[in-house]
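Order of the sequence lines sets the chain letters (A, B, ...), proteins ahead of strands, with each chain counted from 1.
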Protein chains: 2
Amino acid sequence: MEKIVEYQSLIDHLQARVSFSDEELNQFVSDFKITKIKKRQFIVQPDFIAKYRSYVVKGALRAYVVSDDGQEHTIAFAIEDWWISDYNSYIYQKPATMFVVALEDAVILQIDFKAETKLKKANPKFETFFRITAERTAASFQRRIIMNLTSSAEERFESFNAEFPLVVKRVPQYTLASYLGMTTEFLSKIRNKKVKNKN
Amino acid sequence: MEKIVEYQSLIDHLQARVSFSDEELNQFVSDFKITKIKKRQFIVQPDFIAKYRSYVVKGALRAYVVSDDGQEHTIAFAIEDWWISDYNSYIYQKPATMFVVALEDAVILQIDFKAETKLKKANPKFETFFRITAERTAASFQRRIIMNLTSSAEERFESFNAEFPLVVKRVPQYTLASYLGMTTEFLSKIRNKKVKNKN
DNA sequence: GATTAAAAATGAAGTAGATTATGGAAAAAG
DNA sequence: CTTTTTCCATAATCTACTTCATTTTTAATC
């Protein structure tokens, strides 16, 4: 099996979910193109169809929507070994409502919808991989819905920080606040209250 | 193809998503058992593993969690032609955190996790069906997250009412309020304000 | 169909979190 | 390395929504 360094983490990602032969792994990753993007560069924009599903090799990205009143709401973050896209746009191949932008210079692996469809038809194991991925995505979205319904702003921050400390350290606070459904001012207050209480 | 009346809507549901032969349809539905449940009866409870994925033939059900302070939060509704379970419990086969209860006497079709696994192994088309189902579930969960982040209580109600008027007419208002992330009192106010404005 | 229980309506008072405003620190960009 | 832009902290004021308490309506049950 050829080892192009950028593909290694995606290969590990696949193998952790479904048992593939070397040949299958090669077939899978050969449909992904390596894309390097600069901080602040967009890979998805509203009104354009999200052509790609993107796997992050290096860097950090953010998906967000802009509401009628002009406010940004972060829908997802992605760092190393995570996937990102406008989910509704990609799976239905309809115009996006989100922006997906790099928070840092990044290296991503992208597969387009047609190639993905072809892969799934070619080998049921690829179908299985995407089924597992979709199920886990749905499960994690549902956990987020439950968290949003049941917890206060402070609890939501504490919970996210406990689960994803590396993301918290890496992304701008205003993007995190909008992900957690609060203002950047309120998140600042929560965090600084905490610091004072420690003394 | 045998036509047991309870299975017909599930068969239609399958055919609308993947092209199956009559034999495949029979194979699929034969793994589902018909269960009749009474109003207020539970099919999933916290700490027990959600053994089944349930398809609603007739009736209405509700999935909810109870938070530390004792409040109920509705996670999902299901009426005719919808699926319901504790998603995280079912796909990971770990203890549930939700209750799933009948809001009306209901007829449901249930498949257990082992039978589903076996089906997916037996025929890639079944795998495809569950992949499509999971993707659409994830997509709709994400739309709900976006709605919750971007909209006011009144907008959330209006939007849900526009998309699912039959559900709104059918479920108790306090369950809808807790689904939409507001108190039953506030939802009552929203709706009655509306009525007055019409005069 | 009378009785009881559950659900919905209404209003007053309270609060979590938003908004607005300003100053300062960090990080890009030249 | 200095200038500009982005990001974060802090505080005062405000509001969308909650909480609490009571009444009315609707639905279940004997």
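- Every residue two or more places apart in sequence or in another chain that forms a side-chain hydrogen bond (donor to acceptor under 3.5 Å, both in side chains) with A/N88 is listed here: B/R143.
- Residue A/K39 has a polar side-chain atom (N or O) positioned under 4.0 Å from OP1 or OP2 of C/dA28.
- With sequence neighbours left out, A/Q110 forms a side-chain hydrogen bond (donor to acceptor under 3.5 Å, both in side chains) with A/T35, A/S54.
- Scored by the ring pair (Phe, Tyr, Trp, His ring centres under 6.0 Å) test, B/F113 finds B/Y90 as partners (sequence neighbours excluded).
- Every ring pair (Phe, Tyr, Trp, His ring centres under 6.0 Å) that B/F42 has, sequence neighbours left out, goes to B/F99.
- With sequence neighbours left out, A/F20 forms a ring pair (Phe, Tyr, Trp, His ring centres under 6.0 Å) with A/F126.
- Applying the side-chain hydrogen bond (donor to acceptor under 3.5 Å, both in side chains) test to A/K114 and every residue at least two apart in sequence or in another chain returns nothing.
- Annotation: ring pair (Phe, Tyr, Trp, His ring centres under 6.0 Å) contacts of B/Y87 (sequence neighbours excluded): none.
- Side chains of A/H13 and A/W82: no donor on one and acceptor on the other come within 3.5 Å.
- Listed in residue order, the members of residues 162-179 of chain A having a heavy atom less than 4.0 Å from DNA chain D are A/P172, A/Q173, A/Y174.
- Rotation axes derived from the C1' atoms of the five outermost pairs at either end of the helix from C/dG1-D/dC30 to C/dG30-D/dC1 lie 70° apart, to the nearest 10°.
- Partners of A/E116 according to the salt bridge (charged side-chain N to carboxylate O under 4.0 Å, His left out) rule, which considers only residues two or more places apart in sequence or in another chain, are A/R53, A/K120.
- Close to D/dC8, at under 4.0 Å from its OP1 or OP2, lies no side-chain N or O of A/N192.
- In this structure, the side-chain hydrogen bond (donor to acceptor under 3.5 Å, both in side chains) partners of A/E72, at least two apart in sequence or on a different chain, are A/R62.
- Within residues 65-80 of chain B, no residue has a heavy atom under 4.0 Å from DNA chain C.
- At a threshold of 4.0 angstrom between heavy atoms, the contacts of B/S152 are confined to the sugar-phosphate backbone, with no base atom among them.
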